[in-house]
Amino acid sequence: QVQLVESGGGLVQAGGSLRLSCAASRGSFSSYTMGWFRQAPGKEREFVAAHSWSGGTTFLADSVKERFTISRDNAKNTVYLQMNSLKPEDTAVYSCAAKSRYTSGNVYVKTSYTIWGQGTQVTVSS
């Protein structure tokens, strides 16, 4: 089974950029839709972005779609979240997740994903 490890989080000033990476430490996620979720203090985990397992279809939350992009490189077993024009409201723990091509479910819903990384902290200062 795929295991996921996120990296690239850190502290950045408002208006800055970060690129998060999610790599498979074991197995391949070429047959998985990959998603990014985030959880801010006192809030529930929410959808950020997803990339379909095939066809290059991407999905972005309305709150980030003009600022974030998601991409994947199956040859490297890595999915990326490029975050630009960061705001303090983006501060959260960001987690990547995998949704099997063989299961149904809405890509926007966290319960559709069965494999999760440990998360990486993103802090945006004002």
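Only a predicted model underlies this, so the values are computations on that prediction, with no experimental measurement involved. The figures that follow rest on heavy atoms only: side chains count, while hydrogens, waters and symmetry mates do not.
- Using a distance-only test at 3.5 Å, with no hydrogens or angles considered, a donor-acceptor pair links the side chain of Thr33 to the main chain of Trp53.
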* Determine, step by step, whether Lys87 and Asp90 satisfy the salt bridge (Lys or Arg N to Asp or Glu O under 4.0 Å) criterion, reporting the C-alpha distance in whole Å, the side-chain angles of both residues, the deciding distance to 0.1 Å, and the verdict. => CA-CA 5 Å; Lys87 304 175 181 179; Asp90 296 317; over 6 Å; no
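- Remark: the backbone N or O of Ala61 is not paired with any side-chain donor or acceptor of Ser63 at under 3.5 angstrom.
- Of all heavy-atom pairs spanning Tyr94 and Val48, the tightest one is CE2-CG2, 4.3 Å.
- Using a 30° and 60° split on the angle between ring planes, Phe47 and Phe37 fall in the perpendicular class, above 60°.
- A side-chain donor-acceptor contact under 3.5 Å links Arg72 to the backbone of Ser52.
- Of the candidates Lys99, Glu44, Glu46, Glu44 is the only one forming a side chain to side chain contact (heavy atoms under 4.5 Å, CB included) with Lys110.
- Cation-pi contact between Arg45 and Trp116: present, with separation from the ring centre below 6.0 Å and deviation from the ring axis of at most 45°.
- The hydrophobic cluster containing Tyr80, built from Ile/Leu/Val/Met/Phe/Trp/Tyr side-chain heavy atoms closer than 4.5 Å, comprises no other residue.
- Glu6 contributes a side-chain N or O that, together with a main-chain N or O of Gly119, makes up a donor-acceptor pair within less than 3.5 Å.
- Under the 3.5 Å distance criterion, the side-chain polar atoms of Tyr113 are matched with a main-chain donor or acceptor of Val107.
- Between Ala92 and Arg38, the closest heavy-atom pair is CB-CB, 3.8 Å.
- When every heavy atom of Ser112 is checked against every heavy atom of Asn106, the shortest pair comes out as OG-O, 2.8 Å.
- At least one donor-acceptor pair under 3.5 Å links the side chain of Thr91 to the backbone N or O of Val124.
- Closest approach of Val2 and Ser28 over heavy atoms only: CG2-O, 3.1 Å.
- Among all heavy-atom pairs drawn from Ile70 and Leu81, the shortest one is CB-CD1, 4.4 Å.
- Residue pairs meeting the salt bridge (Lys or Arg N to Asp or Glu O under 4.0 Å) criterion with at least one member in residues 113-126, sequence neighbours excluded, do not occur.
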